[in-house]
Amino acid sequence: ETGVTQTPRHLVMGMTNKKSLKCEQHLGHNAMYWYKQSAKKPLELMFVYSLEERVENNSVPSRFSPECPNSSHLFLHLHTLQPEDSALYLCASSQDRALRTDTQYFGPGTRLTVL
Amino acid sequence: AQTVTQSQPEMSVQEAETVTLSCTYDTSESDYYLFWYKQPPSRQMILVIRQEAYKQQNATENRFSVNFQKAAKSFSLKISDSQLGDAAMYFCAYRSADNNDMRFGAGTRLTVKP
């Protein structure tokens, strides 16, 4: 399944670095999501975009900054991260949040390690 | 807030046998959707099966089927004729019909023994 792609797949960064995660969906979907997956914890929803507008921000620290330039692309800009931010970051997309049957499809994730 | 509980951190099954993964959820809503996702070592989260709460018939997708008990708020996944490629983390998820915000369980790691 290559409908949702993420780059890079692995990223190691220092606490003072600035980096960005990229997500691209080829499914013609209108909504995109960022999730954080930490070891032995349920997936945590970070950001939701619908038609390129942010519709939800689940109290995520400002060191994470999302950007959605169009409905196919989603970025997560990272700066001055902490070691506890090390996790798998998953991107997902769905056709339309207003649809009752809407289903999210996930990318392969970016494994982030903060030193 | 809705919560999803997967009480089995790990499960194992012999190849070709059947295994059932448990999931319970807590909600006051009557209209919602339930999902099982599979996450193999590649980490790609793959949709396995979906159940609509207003449908009494249990969803089936090839070797995968669910036992949806709405009154008990239970949504178990049965994998028949288990294959080595079924080895993965399995996540149960809940979504309200009113919005698209998903609630995930902590996952069950399934091992398939040859």
Side-chain angles (χ1 to χ4, degrees), chain A residues 1-11 21 23 25 27 29-51 54-59 87-112, chain B residues 1-10 21 23-26 29-55 59 61 64 66 75 85 88-109:
Chain A
E1 176 62 57
T2 57
V4 182
T5 58
Q6 290 185 243
T7 54
R9 294 294 306 275
H10 301 272
L11 178 62
L21 309 185
C23 175
Q25 59 95 0
L27 301 169
H29 288 170
N30 290 330
M32 297 187 77
Y33 311 78
W34 278 117
Y35 286 89
K36 177 183 179 182
Q37 186 179 23
S38 304
K40 299 182 180 179
K41 291 177 66 176
L43 269 72
E44 301 171 57
L45 179 64
M46 300 176 71
F47 300 103
V48 179
Y49 276 83
S50 179
L51 296 172
R54 188 190 305 182
V55 296
E56 189 162 336
N57 172 359
N58 285 336
S59 302
L88 181 69
Y89 288 84
L90 291 166
C91 173
S93 72
S94 69
Q95 183 176 356
D96 188 330
R97 284 169 55 86
L99 290 176
R100 289 176 54 84
T101 57
D102 201 38
T103 299
Q104 293 181 26
Y105 295 88
F106 286 81
T110 295
R111 171 67 65 188
L112 173 67
Chain B
Q2 299 84 16
T3 57
V4 179
T5 302
Q6 293 179 249
S7 59
Q8 307 154 316
E10 296 182 356
L21 308 184
C23 174
T24 58
Y25 56 94
D26 184 23
E29 300 176 329
S30 60
D31 195 8
Y32 50 86
Y33 297 85
L34 297 165
F35 304 81
W36 278 98
Y37 282 89
K38 167 186 176 181
Q39 188 180 40
S42 67
R43 302 194 193 100
Q44 178 90 47
M45 193 82 82
I46 302 165
L47 178 66
V48 175
I49 200 164
R50 181 181 71 186
Q51 175 78 42
E52 297 161 48
Y54 63 87
K55 287 188 176 179
E61 195 72 38
F64 299 87
V66 298
F75 182 60
M89 283 289 290
Y90 285 82
F91 293 94
C92 177
Y94 170 103
R95 177 174 77 79
S96 168
D98 292 334
N99 61 61
N100 204 330
D101 295 341
M102 303 273 279
R103 296 286 186 266
F104 287 84
T108 296
R109 181 173 301 282

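It should be emphasised that the depicted structure is a prediction, and the values quoted were computed from it without experimental measurement. These numbers come from the heavy atoms of this one structure, side chains and all, not from hydrogens, waters or symmetry mates.
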Is chain A contacted by the side chain of [X], its backbone, both, or neither, given a heavy-atom distance below 4.5 Å?
X: B/Q39; value: side chain
X: B/Y32; value: neither
X: B/R43; value: both

message: Please check: side-chain N/O of B/R95 versus main-chain N/O of A/D102, any donor-acceptor pairing under 3.5 Å?
response: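 Yes.
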Which atoms of A/E44 approach chain B - backbone, side chain, both or neither, heavy atom under 4.5 Å: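 Neither the backbone nor the side chain of A/E44 comes within 4.5 Å of chain B.
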query: With a 4.5 angstrom heavy-atom cut-off, which part of A/L43 approaches chain B: side chain, backbone, both or neither?
result: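 Both backbone and side chain.
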message: Please evaluate residues A/L90 and B/M45 with respect to the criterion side chain to side chain contact (heavy atoms under 4.5 Å, CB included), reporting the C-alpha separation (whole Å), side-chain torsions for both, the decisive distance (0.1 Å), and the verdict.
response: CA-CA 9 Å; A/L90 291 166; B/M45 193 82 82; 3.9 Å; yes
query: Of the non-hydrogen atoms in B/Q44 and A/F106, which two are nearest, and what is the gap between them?
result: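 Closest approach of B/Q44 to A/F106: NE2-O, 2.5 Å.
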query: After noting the C-alpha distance and the side-chain angles of B/M102 and A/Y35, does the key distance pass the side chain to side chain contact (heavy atoms under 4.5 Å, CB included) rule?
result: CA-CA 10 Å; B/M102 303 273 279; A/Y35 286 89; 3.6 Å; yes
task: For B/R109, look at atom CZ and say whether over 12 heavy atoms of other residues, nucleotides or ligands are found less than 6.0 Å away.
output: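 It does not: B/R109 CZ has 12 such atoms or fewer within range.
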Pairwise side-chain contact, A/Q37 with B/F104, heavy-atom cut-off 4.5 Å (strictly under):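 When only atoms from C-beta onward are counted, B/F104 and A/Q37 do not touch, as no gap falls below 4.5 Å.
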query: Mind checking whether A/T103 and B/R50 have side chains closer than 4.5 Å, heavy atoms only?
result: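 In short, these two side chains touch, coming nearer than 4.5 Å.
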